[in-house]
Amino acid sequence: MPFDHLEDLLKGVDDETRRDIETELRPVALAAGETLFREGDPAEDVFFLRQGRLGVRRHTAEGTETEIDALEPGASVGEMALLTGEPRAATVEALQPCELVRLSGVAFGRLSAKHPRAMADYARTMLPRFQRTQLAGVLTRLFGSLDSAALAQLQDELEWQALSAGETLFRQGESGDALYVIVDGRLRVVAEGEAGERTLRELGRGESVGEAALLTGDPRSATVYAVRDSHVVRLDAALFERVVERHPHALLQIARTTAHRTRPRGPRKDPGSRTFALVAVGPDAPLSEVASALADSLRAQGSTLHLGSARLDARRGKDGIAQTPEDHPMDVSLVAWLSQRESEHRYVVYEADRGWSAWSRRCVRQADRIVLVGRAGSDPEPGPLEIEVRAAAPRTRAELVLVHPDDTERPRGTAAWLERRSVEAHHHLRLGNPGDVARVGRCLAGRAIGLVFGGGGARGFAHIGVIRAIEESGLPVDAIGATSMGAIVGSALALEWPRAEMERLASLFVSRRRLLDPTLPLTSFMASGKVTRLYQRLWGDTRIEDLWRPLFIVSSNLSKAEPVIHRGGLLWECARATTAIPGTFSPMLLDGDVLVDGGVLNNLPIDVMRDVVETGTVVGVNVVPSQSRVRTGKSRYRFGPTLSGFRLLWNRVMPLGRKLRAPSLLGILTRSTEINSAWRARAEEFRRHADLLIEPALGRFRTLDFDAWEKIVGAGYESGGEQLRSWLAEQEAAGQPAPNGAATAR
């Protein structure tokens with residue numbers, strides 16, 4: 001029987017080297033059931049199988065051991081561990097009596113040094129073995145338990161496909177003739193329309209895509225492309241039918257995946273980002289400090305590896321290996337080593353060089369997410385390195401981290417940074433502030449906790465009580481979203497106001513004379529000068545993008561009949577827009593558009609927050625009762641199909657006979673902005689966006705009960721806190737740890 005892989009190894013070497021290698025081969029005999037080496041053993045030799053069969057087993061993420069391959073005569077085993085310099089990745093034992101020959105690691109290394117091109121060619125022939133090892137665990141998770149023979153047969157029939165960062169796998173509208181399984185890398189699923197593309201989800205290692213079209217025969221409903229360099233395997237329709245015929249339970253697994261993705265959107269459980277490329281924006285960016293701090297923060301959520309070029313060289317024990325170019329013979333070995341590290345760790349932080357080097361390019365192409373690190377106060381103009389990075393990975397999600405001195409009271413000048421680059425999010429960081437570091441880590445990993453405050457007039461002050469309950473539970477708040485009165489309280493929280501200051505804010509709304517300035521009602525009943533000046537005094541020149549914690553505010557655009565998500569701009573302007581109750585306060589004119597109260601279109605924007613925190617936790621606080629206080633026994637109102645304002649006024653002055661009772665005009669206008677959201681908040685499809693929806697008991701309070709703010713705050717603390725503690729206890733009882741160590745009771 002020929003030594004196929006040994007011949008691959010010796011191919012192209014000179015006769016003298018061949019003789020040297022052949023003299024170092026040593027025979028090895030194994031009895032059936034005997035182990036050649038075990039998973040985790042040091043890699044000292046490579047073996048070539050002459051006769052017999054070897055079984056390859058590996059531990060899964062669940063802790064069980066499964067057979068992933070069976071080797072026939074002519075195969076080699078152990079070479080990938082030598083190539084990567086890591087311990088054995090699997091256990092190998094004889095399935096029947098075997099005869100092998102052994103080549104020592106010393107001889108293997110000598111061949112590598114003298115014939116690097118031959119080594120590279122040999123490594124490429126071995127790469128499929130390494131990929132099969134990775135794929136085995138992926139297929140087991142996707143299709144359920146498969147025996148070694150079935151697994152080997154399936155692997156033999158699969159078609160491997162490599163995707164470069166930005167490369168399209170398939171397009172919306174194309175025929176759905178196959179499904180794909182991600183072995184490594186990351187894919188983005190987008191819906192294409194007239195307004196451009198909209199991201200539906202991102203998929204990582206072990207997930208499948210394209211199964212819905214394959215099952216239904218419909219055209220592709222979305223476009224899928226690689227966020228980073230990725231490998232997938234393709235199952236065409238014929239192979240899929242054979243798999244289902246042999247293993248019917250596989251269809252159930254696929255059907256569950258399809259059903260989960262096609263149901264109305266809710267909390268997403270697809271994997272968050274796993275690999276991050278940190279890139280310096282400017283020569284003074286504290287890149288290494290941020291990379292170390294981020295890695296420390298991520299370790300609280302899972303195993304994390306921090307790699308820079310010097311760290312990689314030290315880890316591999318060879319200077320300059322991090323700078324291996326992609327066309328170098330040893331590139332295959334480095335790719336395999338990095339892939340193995342990514343499979344072993346929940347997160348990998350790649351620290352790029354300060355210039356555009358082979359290592360910087362590799363970092364970017366390995367990254368699920370690019371993190372641009374700049375020093376606040378420096379020149380915000382993108383430099384050559386950033387330009388190269390964005391050109392190399394134009395479709396990889398990029399976020400900006402601005403580092404501030406530890407004694408900074410409030411960030412400033414963020415708009416100049418955002419105007420010059422396209423990023424999906426930005427974060428402010430004080431390296432000496434543990435809360436900042438932890439927050440940025442959660443946000444980047446898609447594990448942030450987002451708190452959403454809804455509108456509701458005076459009932460919105462219940463948010464202050466809920467904030468107190470959240471703080472006492474230990475649940476951190478990483479991002480804030482709000483509408484209408486919720487935006488007033490949410491802004492105070494984003495500015496990190498103490499609770500006493502928030503309560504003082506609530507007291508300002510008690511005096512109507514302080515807020516209401518009636519005018520000729522051609523556009524609104526109020527001129528809105530008083531409320532405008534109040535907001536200007538409260539927030540001055542503060543801008544939303546300059547807040548420590550991310551904040552968005554929702555208003556309603558009358559010009560375009562769509563909600564507006566304010567992620568930047570003067571805070572007082574955005575707050576003024578979202579509280580402009582139609583007919584009561586005058587609208588805001590921003591960028592040529594007429595904006596009114598956000599509650600008209602989206603009073604509780606938990607759906608918007610779901611996109612912000614991705615696979616994190618969304619906590620919504622709904623302060624609008626499903627029914628307003630219009631009944632006490634029988635209807636508390638008495639009026640007919642026609643209602644004269646003069647008669648109503650006279651009846652109040654001279655209450656003779658049957659007294660008329662009707663809601664006030666201001667009450668009708670404010671309640672009109674709530675009813676859409678009150679109805680919407682009852683829909684299960686909408687409620688599913690939140691992991692927890694807190695609804696304080698506020699039925700006894702009306703929209704304009706501003707003088708009852710203390711009782712409203714108390715109701716928010718008592719009933720809202722009870723709901724929060726109950727949810728945390730349910731999480732613990734279900735075996736799901738509370739987010740970021742929040743307490744279940746106080």
Margin query: For Val227, is there any backbone N or O sitting under 3.5 Å from a side-chain donor or acceptor partner on Asp368?
Written below: no
Checklist line | Expected output: side-chain Thr615 to main-chain Gly446 donor-acceptor under 3.5 Å | finding: yes
Note to self: I'd like to know if Glu344 and Arg341 make a salt bridge, using a cut-off of under 4.0 Å between side-chain N and carboxylate O.
What the structure shows: yes
Margin query: Between Phe686 and Ile606, does the side chain to side chain contact (heavy atoms under 4.5 Å, CB included) criterion hold? Intermediate values first, please.
Written below: CA-CA 8 Å; Phe686 178 74; Ile606 53 178; 3.5 Å; yes
Margin query: So, taking the atom named OG1 in Thr396 and the one named CD1 in Ile370, what distance separates them when rounded to the nearest 0.5 Å?
Written below: 4.5 Å
Item checked: Residue pair Trp572 / Thr532, side-chain heavy-atom distance below 4.5 Å -> yes
Notebook entry, point to check: What pairs with Glu388 under salt bridge (charged side-chain N to carboxylate O under 4.0 Å, His left out), at least two apart in sequence or on another chain?
Noted result: none
Next item on the list: Using modelled atom types only, decide if a donor and an acceptor are shared between the side chain of Arg421 and the backbone of Pro380 within a distance under 3.5 Å.
Entry: yes
Checklist line | Residues, nucleotides or ligands: over 12 heavy atoms within 6.0 Å of Arg410 CZ | finding: yes
Notebook entry, point to check: Looking at side-chain heavy atoms only, is the closest gap between Val564 and Asp593 below 4.5 Å?
Noted result: no
Notebook entry, point to check: How close do Arg205 and Asp184 get, heavy atom to heavy atom, and via which atoms?
Noted result: NH1-CB, 4.1 Å
Check: Do the non-hydrogen side-chain atoms of Leu372 and Trp417 ever get within less than 4.5 Å of each other?
Finding: no
Checklist line | Thr275 side-chain N/O to Val348 backbone N/O, donor-acceptor pair under 3.5 Å | finding: no
Check: Going from CG on Leu534 to CZ on Arg576, what distance comes out if it is rounded to the nearest 0.5 angstrom?
Finding: 11.5 Å
Check: Salt bridge between Glu342 and Arg274, side-chain N to carboxylate O under 4.0 Å?
Finding: no
Margin query: Looking at Trp548, I'd like to know if the NZ or CZ of Arg430 sits under 6.0 Å from its six-membered ring centre while staying within 45 degrees of the ring's axis.
Written below: yes
Check: Side-chain donor-acceptor pair under 3.5 Å between Asn603 and Thr483, yes or no?
Finding: no
Next item on the list: Would you indicate whether the side-chain heavy atoms of Arg395 and Glu197 approach each other to under 4.5 Å?
Entry: yes
Margin query: Please report the interatomic distance CD1(Ile488) to CZ(Phe509), rounded to the nearest 0.5 Å.
Written below: 5.0 Å
Check: Hey, are the side chains of Val364 and Arg361 touching, using non-hydrogen atoms and a 4.5 Å cut-off?
Finding: no
Notebook entry, point to check: Is Asp406 reaching over with its side chain to a backbone N or O of Gly432, donor-acceptor style, under 3.5 angstrom?
Noted result: yes
Would you be so kind as to tabulate the donor-acceptor pairs closer than 3.5 Å made by side chains of residues 289-296, with sequence neighbours excluded?
| from | atom 1 | to | atom 2 | distance (Å) |
| --- | --- | --- | --- | --- |
| Ser292 | OG | Ser288 | O | 3.1 |
| Asp296 | OD1 | Arg299 | NH1 | 2.6 |

Next item on the list: Flag yes if more than 12 heavy atoms outside Asp591 fall under 6.0 Å of its CG atom; otherwise flag no.
Entry: no
Item checked: Inter-residue atom distance Glu351.CD - Ser360.OG, 0.5 Å rounding -> 10.0 Å
Margin query: How close do Asp313 and Ala322 get, counting heavy atoms only, and between which atoms?
Written below: OD1-N, 2.9 Å
Notebook entry, point to check: Do Cys443 and His427 pass the side chain to side chain contact (heavy atoms under 4.5 Å, CB included) test, and can you show the C-alpha distance, the side-chain angles, and the key distance before you say yes or no?
Noted result: CA-CA 9 Å; Cys443 288; His427 312 276; 3.4 Å; yes
Note to self: Between Glu424 and Arg188 (salt bridge meaning N to carboxylate O under 4.0 Å), is one present in this structure?
What the structure shows: no
Next item on the list: Applying side chain to side chain donor-acceptor pair (under 3.5 Å), run through Glu545 and His426 and close with a yes or a no.
Entry: CA-CA 8 Å; Glu545 63 269 27; His426 71 280; over 6 Å; no
Margin query: Can you see whether Phe552 has Arg567 sitting over its ring - NZ or CZ less than 6.0 Å from the centre and within 45° of the normal?
Written below: yes
Next item on the list: May I ask you to decide whether Arg369 forms a salt bridge with Glu614, counting only side-chain N to carboxylate O separations under 4.0 Å?
Entry: yes
Checklist line | From CA spacing to verdict: side chain to side chain donor-acceptor pair (under 3.5 Å), Asn622, Glu695 | finding: CA-CA 5 Å; Asn622 179 28; Glu695 297 180 288; 3.0 Å; yes
Next item on the list: Could you check if a side-chain atom of Val335 sits within less than 4.5 angstrom of a side-chain atom of Asp229, using non-hydrogen atoms only?
Entry: no
Margin query: Can you tell whether the side chains of Glu501 and Arg504 come within less than 4.0 Å, N to carboxylate O?
Written below: yes
Margin query: Parallel, tilted or perpendicular, judged at 30° and 60°: which one describes the rings of His428 and His404?
Written below: tilted
Item checked: Aromatic ring pairing Trp539/Tyr535, orientation class (parallel under 30°, perpendicular over 60°, tilted between) -> tilted
Checklist line | Under 3.5 Å: donor-acceptor pair, side chain of Ser303, backbone of Arg346 | finding: no
Notebook entry, point to check: Quick one: which of Asn602, Asp597, Thr578 gives a side chain to side chain donor-acceptor pair (under 3.5 Å) with Ser484?
Noted result: Asp597
Margin query: Just verifying a value: how many Å separate Glu202 CD and Leu187 CG, rounded to the nearest 0.5 Å?
Written below: 9.0 Å
Margin query: Between Asp611 and Arg198 (salt bridge meaning N to carboxylate O under 4.0 Å), is one present in this structure?
Written below: no
Check: Any donor and acceptor pair, going by atom type alone, linking the side chain of His463 with main-chain N or O of Gly455 inside 3.5 Å?
Finding: no
Checklist line | N-O pairing of Asp691 and Arg610 below 4.0 Å | finding: yes
Note to self: I'd like to know if Arg420 and Glu386 make a salt bridge, using a cut-off of under 4.0 Å between side-chain N and carboxylate O.
What the structure shows: no
Item checked: From Arg439 atom CZ to Arg549 atom CZ, the distance as rounded to the nearest 0.5 Å -> 7.5 Å
